[in-house]
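Working notes, beginning with the structure itself.
These numbers come from the heavy atoms of this one structure, side chains and all, not from hydrogens, waters or symmetry mates. Count residues from 1 along the sequence.
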Amino acid sequence: MEMGNQKQNINVEVHVKSHSTAKLSEVRMHVQALLNRHSVVFGNYRWTEFDEDFLQTHVESVAILDLEEIVTQPLDLKSCSVSVHIFTLNEDGPSMLSLEEDEELSAANHWLLPAAEFHGIWESLVYETGVKMQLLDYVTTTIYFSDKNVDSNLISWNRVVLLHGPPGTGKTSLCKALAQKLSIRLSNRYSYGQFVEINSHSLFSKWFSESGKLVTKMFQKIQQLIDDKDALVFVLIDEVESLTAARNASQAGTEPSDAIRVVNSVLTQLDQIKRHSNVVILTTSNVTEKIDLAFVDRADIKQYIGPPSEKGIYNIYLSCLEELMKCQVIYPRQQLFTMFELETMGFAKSEVSELSLTLRNIALKSKGLSGRALRKLPFLAHALFVKTPTVSLERFLDAMSRAVDKQKEEKANLINGV
């Protein structure tokens, strides 16, 4: 490929129905034909209805995804480099990675990827521009370097990602979504993904004397998953600061030295598994000021995930309202502008812009609420202030506005100890 004239990369994700028995090559051929028929697209686009029987029978959706947010001109797929990723979702749900035969202790949950449970999380997370894509590129390069056997003594990189920031900003969800996305994007390289979520609390709390043995057992299980070189394995350690807490407590002499042994054992085991080219370690922390970890040195990518901006909040609300209109909870369906349209159209008077401006004001006063609280808000609005099965958009926006005031009030009461 000439460097001077690089084609734009376009990713197309094809979600095949789980009951389909069609061959991959057939699906690919029909999708290619669909893209040839509709080769000019404007930004991200998803087909869920098809103009031919094969796709209608076998395919849930075909989606052009993750293009830069603001597309000013139409894109002709024929002049782009198009990668088609075909996947089916695993419907099984999580299994416990239990470590003792007779033990009810679950030290980890385990999913096969791509998992039905993680479907749609990526789209639902709204951050400042570029955060998600940057993480995706980082991890893709990590896996690519490992695959090519780049000597990590010469070029230093780890397979550890740390997402930190206040609670409720979607760090854990982002880890799941990232793993899901990569298992789809790299499906021609790995035949499936494995996702192991380590429950650090259960590991470090009740079973201190046992913990060392448990850690070893758990990592043996994870090692077995990694041994299958057709699998891409993601290990998530949530709230990694609980490792540090255990370490600090034991240094202060308030915890048995077992604690420090457990932590050291975890760090040693992590160092061992991350030598493998098909593993990525994802970690989250709610403590940003000072994550005192032998761990942080091990992370190449330290990404701060903050509360959503006004624009992020607007987009989150917009996706919630779209969903409620699709399900006819809000009826009749009405048009709302995206934030980009709202800013570029100026504020010409029309019903669409009136409603969009109302939503923008609600977004403005929602600043400071976490992503988790924002996604709950439309539900609270309906439960507290709507009380009829269907509702007009105008009335629903009014209910949302009142629900935000109530949330803010409750938050203030909590802080002031009322």
Side-chain angles (χ1 to χ4, degrees), residues 7-69 71 74-93 111-125 132 136 176-177 179-193 315 318-336 338 390:
K7 291 180 167 183
Q8 183 169 356
N9 280 325
I10 303 288
N11 287 293
V12 178
E13 293 182 10
V14 181
H15 176 190
V16 173
K17 293 180 178 174
S18 46
H19 62 71
S20 163
T21 51
K23 286 201 185 80
L24 275 184
S25 54
E26 275 185 289
V27 175
R28 193 173 292 277
M29 191 179 73
H30 283 271
V31 168
Q32 207 54 66
L34 170 81
L35 297 175
N36 289 340
R37 287 197 298 281
H38 306 279
S39 66
V40 176
V41 293
F42 201 89
N44 296 322
Y45 189 75
R46 183 184 297 272
W47 286 271
T48 47
E49 300 287 322
F50 301 100
D51 50 10
E52 58 116 329
D53 290 346
F54 178 90
L55 291 173
Q56 201 64 38
T57 310
H58 295 282
V59 172
E60 207 71 64
S61 67
V62 173
I64 295 169
L65 291 171
D66 304 320
L67 293 173
E68 280 314 307
E69 243 183 277
V71 182
L75 235 142
D76 186 353
L77 296 179
K78 290 196 169 85
S79 63
C80 300
S81 152
V82 177
S83 312
V84 175
H85 312 282
I86 300 171
F87 68 97
T88 44
L89 291 176
N90 194 291
E91 309 274 351
D92 289 347
W111 285 264
L112 271 177
L113 297 179
E117 209 171 307
F118 297 176
H119 188 56
I121 299 180
W122 180 263
E123 287 73 20
S124 76
L125 294 167
K132 293 194 298 187
L136 195 54
K176 290 176 173 170
Q180 176 94 331
K181 187 57 107 175
L182 285 156
S183 68
I184 292 170
R185 286 287 161 90
L186 299 168
S187 58
N188 44 6
R189 167 68 187 80
Y190 295 98
S191 39
Y192 60 100
N315 289 337
L318 194 57
S319 69
C320 294
L321 294 167
E322 284 292 324
E323 178 65 14
L324 291 173
M325 288 194 271
K326 190 179 100 190
C327 301
Q328 298 191 342
V329 174
I330 297 176
Y331 189 83
R333 189 180 196 105
Q334 276 176 284
Q335 173 74 35
L336 282 165
T338 64
T390 55

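- Between the CG atom in D66 and the CD1 atom in I64 there is a gap of 11.5 Å [rounded to 0.5 Å].
- For K78 (side chain) and N36 (main-chain N/O), a donor-acceptor pair under 3.5 Å exists by modelled atom type.
- The distance from atom CG of L77 to atom CD1 of I10, rounded to the nearest 0.5 Å, is 6.5 Å.
- Using a 30° and 60° split on the angle between ring planes, F87 and H15 fall in the parallel class, below 30°.
- In this structure, N11 CG and S83 OG are separated by 5.0 Å, a value rounded to the nearest 0.5 Å.
- In this structure, the side chain of N90 does not engage the main chain of L113 through any donor-acceptor pair within 3.5 Å.
- Note that CD of Q180 is 11.0 Å distant from CH2 of W122, once rounded to the nearest 0.5 Å.
- Taking 4.5 Å as the limit, every side-chain heavy atom of E91 sits out of range of all side-chain heavy atoms of E117.
- Within 6.0 Å of CZ in F54 there are more than 12 heavy atoms belonging to other residues, nucleotides or ligands.
- To the nearest 0.5 Å, atom CG of residue N315 and atom OG of residue S124 are 12.5 Å apart.
- Within a 6.0 Å sphere centred on CG of D53, heavy atoms belonging to other residues, nucleotides or ligands number 12 at most.
- By the 30° and 60° cut-offs, the orientation of the rings of W47 relative to H38 is tilted.
- The residues E13 and K181 are annotated as salt-bridged, a charged nitrogen and a carboxylate oxygen being separated by less than 4.0 angstrom.
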